[in-house]
There are 2 protein chains.
Amino acid sequence: MKKQLTDRQDDILRFIHHFRNENGYPPTLREIGKKFEIASTFGVKRHLDALEKKGYLNVESNASRGISLQPFENDAIIDTTNNFTKIPIIGHVAAGIPITAIENIDGSLVIDSSFMKHSESCFALRVKGDSMINAGIFEGDLVVVLPKKDAANGETIVAMLEDEVTVKTFEIKNKKVRLLPANEKYQPIDVTGRKEFSVVGKVVGVVRWLN
Amino acid sequence: MKKQLTDRQDDILRFIHHFRNENGYPPTLREIGKKFEIASTFGVKRHLDALEKKGYLNVESNASRGISLQPFENDAIIDTTNNFTKIPIIGHVAAGIPITAIENIDGSLVIDSSFMKHSESCFALRVKGDSMINAGIFEGDLVVVLPKKDAANGETIVAMLEDEVTVKTFEIKNKKVRLLPANEKYQPIDVTGRKEFSVVGKVVGVVRWLN
DNA sequence: ATTTGTAGTGAACAAATGAGCACGTAATGA
DNA sequence: TCATTACGTGCTCATTTGTTCACTACAAAT
């Protein structure tokens, strides 16, 4: 676990990330200073020293713009130069706790930005069980989820049901709501009006890795 | 289409990409010169001017290390800072033409480097047909392929068969080689000793995107 | 025959840049 | 109370770095 940053240090670290993503190269001490109205390069330098000490970046001595950043752990990152988006993988999901709460995050997944038409708020979940194999979703796959509170008929969704999350096909017919597995071994689940049921989001992607 | 580079310019462009990925910041003129044994910074500068003119990078005047790179179109990129790998998506595959020939490339796919234990030589193919739906590989999915010339029993592979590429399960039993579809609608294909058959590689990943 | 583009040397220069010192303020916790 | 940490100024200095000039050389295209 990395050490806690002060507000000021956090601001500066974010600025450096942003600057590098925008320009392709890191800022100088004076460019940082200008942004934060720190007149002396020495003041900036000590912020960098602190950030380096706490493990967020490395500074190459005597090299101009010699800042190399350590990767973020939890944040969504969108890189327009290389066209990727980094989304969090949610480890355990529990009712009541916001799904993207930092404690839940189990890693990150980098995917192509061209997939992410749906802004940047997606997250990923690792699938347990085999109830969706006929939809090509296997145990261990990562499903990419676009958060939504409702769903349309036939959509593949992630639902919260009695403190558990499941992936199912959403069916609404004659005002009855059912969750359909895609595996003959399982039965549809009628959730019409059940309080312990809610829609978490819609499955927009599947990523599987073998071995 | 970007303009053609000379060998020298291409070498230098690749070095800058590599340097930036390794260090997090671009090289100086003298660092480039040292690598290529160009004694004068002016010699290096004119290479950068040429690369800028041809649209491969931008140079910020009077800014040290002020090189910002245009994204590659076709090459594999590995970024250690943000932990991603960019692999080419192969459009059409034809016998005789090297599979990663530039003409074949149809885009690129960014994926998480943690998936890429298999060095960096992978590429992706878009799946046509439904012969592997029981293996969770659907039409339109992208399969990530690790190039190999042989396969083990039971592996999901990409094979070249009579000028067509297909995804199948590889079976070798009693010295007979068959390609097994994962769909009841199709029959196994016996390819024992057939000349028009070759293994392209092993499927190591599947990426599906909905909508 | 001349232009254009590529590729390089060597030197000189100004600007950009990081390092360092002495000094000051404020908040926090032991 | 004292030590520590965070945060800042103003300044100097040495180094790094990009810019520019004059000159050479070769190949391809016009």
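By convention in this document, chain letters (A, B, ...) are assigned in the order of the sequence lines, proteins followed by strands, and residues within each chain are numbered from 1.
Within the 3.5 Å criterion, the main-chain N or O of Gly136(B) finds a donor-acceptor partner in the side chain of Arg208(B). For the pair Arg20(B) (side chain) and Leu69(B) (backbone), a donor-acceptor distance under 3.5 Å is absent.
Between the CD1 atom of Ile32(A) and the P atom of dT17(C) there is a distance of 11 Å, rounded to whole Å. Remark: C1' of dA6(D) and CG of Leu13(A) are 17 Å apart, rounded to the nearest angstrom. Here the C1' atom of nucleotide dG8(C) and the CG atom of Leu29(B) are 15 Å apart, to the nearest Å. For Glu60(B) and dT17(C), the CD to P distance is 10 Å, given to the nearest whole Å. Between Lys34(A) atom NZ and dT9(D) atom C1' there is a gap of 19 Å when expressed in whole angstrom units. Protein atom CG of Leu51(A) is 11 Å distant from nucleotide atom P of dA6(D), rounded to whole Å. Taking atom CZ of residue Phe19(B) and atom C1' of nucleotide dT17(D), one finds them 13 Å apart after rounding to whole Å. Distance CD1 (Ile12(A)) to P (dA6(D)): 12 Å, rounded to an integer number of Å.
Taking CZ of Phe197(A) as the reference point, atom OG1 of Thr192(A) lies at 9.0 Å (rounded to 0.5 Å).
Look at Lys54(A) and you won't find any side-chain N or O under 4.0 angstrom from OP1 or OP2 of dT5(D). A close approach under 4.0 Å does occur between a side-chain nitrogen or oxygen of Gln9(B) and OP1 or OP2 of dA7(C). For Arg65(B), a side-chain nitrogen or oxygen approaches OP1 or OP2 of dT17(D) to under 4.0 Å. Taking only side-chain nitrogens and oxygens, Ser64(B) comes nearer than 4.0 Å to OP1 or OP2 of dT17(C).
The aromatic rings of Phe36(A) and Phe15(A) lie perpendicular to each other, with more than 60° between the two planes, well past the 30° mark. Taking the six-membered ring where tryptophan is involved, the planes of Phe19(A) and Tyr25(A) are perpendicular, since the angle between them exceeds 60° and thus also 30°.
Among the nucleotides dG8(C), dC7(D), dA16(C), the one closest to any side-chain atom of Arg8(B) is dG8(C). Among the nucleotides dA7(C), dA16(C), dG18(C), the one closest to the side chain of Asn62(B) is dA16(C).
Ala63(B) comes within 4.0 angstrom of the backbone, heavy atoms only, and of no base.
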When you look at Val167(B) and Thr156(B), which way does the side chain to side chain contact (heavy atoms under 4.5 Å, CB included) test go after all the steps?
CA-CA 7 Å; Val167(B) 182; Thr156(B) 304; 3.9 Å; yes
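Ranked by how close their nearest DNA chain C nucleotide is to the 5' end, Arg30(B) and Val59(A) are led by Arg30(B).
Taking a 6.0 Å sphere around NZ of Lys35(A), one finds it holds 12 or fewer heavy atoms contributed by other residues, nucleotides or ligands.
Within residues 37-49 of chain B, the residues approaching DNA chain C are Glu37(B), Ile38(B), Ala39(B), Ser40(B), Phe42(B), Gly43(B), Arg46(B), His47(B), by heavy-atom distance under 4.0 Å.
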